[in-house]
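In this text the structure is predicted, and so the values were computed from the model without any measurement.
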Amino acid sequence: MFRALLRLQLRSLLAAFTRGGRKGKKPSKLGLFGYGALMLYVVVVFFGLFYLMADTLCAPLLAAGLGWLYFALEGILALALGVVGSVFMTQSQLFEARDNELLLSMPIPPAAILGSRMLALYLQSFLLSALVLTPAFLAYGAAAPVTAAHAAAWAAVYVLLPLAILALSAVLGWLVALLSSRMRNKSLLTVVLYLVFLGGYLYLYSRMSHYLNLLIANGPAVADVVQRRLYPFWQLGLACLGGGAALARFAACAAVPFALVYWVLARTFLRLATTRRGAARIRYRERAVRPRTPDGALLLREARHLWGSPLYLLNGAFGSVCLLIGAGFLAFRGRTVAEFAAMIPPLRPWLGLLGCGLVCLLVGMNLVTAPSVSLEGRSLWLLQSLPVSGWQALRAKLRLHLLVTMPPALVCAAAAAAVLRTGPLGTAALLVTPLAFTDVCAVLGLALNLRMPRLDWDSEAQAVKRSGSAMIAVFADWGIVLALGLLFYATRRVWSPDAFALAAAVPLVLVSALVRRWLRRGGAARFQTLS
């Protein structure tokens with residue numbers, strides 16, 4: 001029974017590689033190759049970044065006799081990455097899983113359900129921590145000799161650190177689940193927490209070179225803080241240098257909290273999985289229902305779906321958030337940006353084109369239409385049975401994408417034009433071309449999703465983050481921007497950057513019109529026959 005549950009959990013995590021988009025068909029070899037290449041690319045990029053960071057720290061700390069501090073800092077980084085990458089998955093798998101009541105209604109011991117989910121989450125934490133630890137160990141091996149004691153200790157750390165990650169993720173996941181259950185809109189809390197985590201990561205990454213220099217320059221002071229306040233990581237650092245006693249102490253620091261968390265979850269899992277926590281009370285107010293046109297009702301339906309799904313909202317409107325942040329930055333720090341641009345006179349003619357390209361890149365991060373058909377899931381027949389045409393249903397999805405993306409794009413573009421003083425032609429390009437590109441992103445994402453729907457998902461993450469249409473859409477959007485940039489480079493002697501940026505709207509409008517024409521005819525007919 002336990003093996004069957006574990007296989008179910010692993011199959012859900014690897015659904016993109018085990019099932020296709022319609023009726024459970026296996027994905028094609030080309031699709032598997034594409035997913036595999038994308039995942040390999042992401043792993044190689046992060047592996048390289050963590051190796052460069054570890055290589056920068058290793059030699060100076062070893063020269064200062066603080067080799068243990070090097071491993072302690074890498075352990076802290078691995079713990080942070082593991083927790084950030086696992087906390088929301090832990091929340092959904094342990095406390096808010098859809099199939100909790102279904103599995104508990106079967107003759108399956110609750111301990112087996114909990115154990116299979118904890119083991120699957122442990123494997124995920126193991127992979128995330130290994131993404132940091134492996135480059136750290138390789139960087140140390142390139143700077144100092146490695147003994148059998150080192151290798152044995154490193155192998156033990158690989159196994160032990162994910163226990164600490166899982167224990168902390170479970171506690172934080174429970175707190176997030178408890179807090180979200182008290183809110184009227186759970187999506188808002190999830191989005192805010194995600195943006196806080198992401199903002200913290202981006203801030204730390206932008207200041208990474210500064211912090212690395214501080215660590216190297218103040219190694220003894222940092223070591224004293226770690227010894228006094230971060231005892232488990234002090235022992236982890238000593239253990240990675242081959243200390244057997246330190247390894248035993250670190251094992252206790254990692255295993256005991258995990259055992260305590262698991263014991264509490266095992267004794268309360270049945271209640272946690274079946275309890276319906278009270279939500280924020282809503283006072284009923286009687287009011288007349290306002291009649292809406294079919295198009296208005298369909299648009300409202302799409303908007304409620306977007307606002308009610310945290311994952312969909314994050315991926316669908318993340319570009320809009322970045323656009324608004326960019327506009328705010330330009331509003332408050334515009335003088336700094338303008339002074340920087342003035343320091344490089346040759347850059348002046350390029351400001352309109354560069355601003356236009358940057359806004360378009362942020363616009364391409366919004367994925368409202370790309371998973372919108374897939375998110376109908378097994379309830380697609382409800383939309384198909386309504387007295388509306390297929391084009392009306394698809395048009396509502398397109399309109400939502402435009403409403404979510406165009407206003408922030410205009411605000412950011414207007415702020416860029418005002419700060420950079422791009423002139424009439426550059427300002428026109430900033431205001432027109434991103435809007436044309438937004439329409440291309442909307443129709444292209446919807447067309448891809450109609451061609452590659454994923455209707456048999458078990459969780460919305462499979463439709464939003466792991467579907468072929470969503471992955472291809474974001475790379476296709478950025479590919480269009482890159483292609484236009486290469487086209488300008490090849491024809492840069494023919495026209496000015498601002499003129500090209502404005503003229504680029506013409507092919508974008510033509511592409512949008514062609515794809516929209518297919519959506520009205522072939523796409524609408526295909527939508528009505530999906531099942």
Side-chain angles (χ1 to χ4, degrees), residues 195 198-199 202-203 205-207 209-210 317-366 368 401-442 474 477-512:
L195 292 177
L198 182 63
L202 292 176
Y203 176 78
Y205 186 80
S206 64
R207 302 275 295 172
S209 60
H210 174 70
F318 183 70
S320 297
V321 174
C322 293
L323 288 166
L324 293 176
I325 291 174
F329 177 81
L330 290 172
F332 290 100
R333 302 295 298 273
R335 180 176 299 179
T336 303
V337 176
E339 291 175 353
F340 176 78
M343 292 171 59
I344 311 175
L347 189 64
R348 183 70 189 175
W350 294 73
L351 293 178
L353 179 63
L354 293 175
C356 192
L358 183 57
V359 172
C360 287
L361 286 175
L362 295 178
V363 164
M365 296 173 65
N366 272 6
V368 176
H401 188 116
L402 300 179
L403 286 174
V404 169
T405 310
M406 279 189 172
L410 276 176
V411 171
C412 187
V419 170
L420 300 177
R421 298 179 181 177
T422 53
L425 200 59
T427 301
L430 273 168
L431 297 177
V432 173
T433 303
L435 297 186
F437 183 71
T438 301
D439 198 57
V440 170
C441 294
V474 66
D477 296 342
W478 289 348
I480 292 173
V481 178
L482 177 61
L484 289 174
L486 294 176
L487 178 61
F488 171 74
Y489 183 79
T491 61
R492 63 188 182 279
R493 301 180 188 276
V494 177
W495 40 21
S496 67
D498 288 345
F500 178 85
L502 183 58
V506 176
L508 292 175
V509 170
L510 292 177
V511 170
S512 176

| request: Answer whether the closest heavy-atom distance between the side chains of Phe437 and Asp477 falls below 4.5 Å. | output: yes
| field | Residues forming a side chain to side chain donor-acceptor pair (under 3.5 Å) with Thr433, sequence neighbours excluded | value | none
| field | Residues that Trp495 engages under side chain to side chain donor-acceptor pair (under 3.5 Å), provided they are two or more places apart | value |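 Testing Trp495 for side chain to side chain donor-acceptor pair (under 3.5 Å), a comparison that skips the adjacent residues, returns Thr491.
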Shortest non-hydrogen contact from [X] toward [Y]:
{"X": "Leu484", "Y": "Phe500", "value": "O-CZ, 3.2 Å"}
{"X": "Val474", "Y": "Gly364", "value": "CG2-O, 3.8 Å"}
{"X": "His401", "Y": "Val368", "value": "ND1-CB, 3.5 Å"}
{"X": "Ala429", "Y": "Pro434", "value": "O-CD, 3.3 Å"}

| What's the verdict on side-chain hydrogen bond (donor to acceptor under 3.5 Å, both in side chains) for Thr427 and Thr422, showing C-alpha distance, side-chain angles and the deciding distance? | CA-CA 6 Å; Thr427 301; Thr422 53; 3.0 Å; yes
Distance-only donor-acceptor hits, side chain of residues 406-416, under 3.5 Å, sequence neighbours excluded:
none

Quick check for you: to the nearest 0.5 Å, what is the distance between [X] atom [atom1] and [Y] atom [atom2]?
{"X": "Asp498", "Y": "Leu430", "atom1": "CG", "atom2": "CG", "value": "8.0 Å"}
{"X": "Cys441", "Y": "Leu402", "atom1": "SG", "atom2": "CG", "value": "10.0 Å"}
{"X": "Leu330", "Y": "Thr336", "atom1": "CG", "atom2": "OG1", "value": "10.5 Å"}
{"X": "Leu361", "Y": "Ile480", "atom1": "CG", "atom2": "CD1", "value": "11.5 Å"}

| field | salt bridge (Lys or Arg N to Asp or Glu O under 4.0 Å) pairs, two or more places apart, involving residues 404-424 | value |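 Passing the test, one end in residues 404-424: no pairs.
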| message | Does the Lys NZ or Arg CZ of Arg492 fall within the cation-pi geometry relative to Tyr489 - under 6.0 Å from the ring centre and within 45° of the axis? | response | yes
| Partner residues of Leu354 under the side-chain contact (heavy atoms from CB on, under 4.5 Å) criterion, sequence neighbours left out | Leu347, Trp350
N/O donor-acceptor pairs under 3.5 Å from side chains in residues 317-326, not counting sequence neighbours:
residue : atom : partner : partner atom : Å
Ser320  : OG   : Asn366  : ND2          : 2.8
Ser320  : OG   : Val404  : O            : 2.7

| field | Ser512 side-chain N/O to Leu508 backbone N/O, donor-acceptor pair under 3.5 Å | value | no
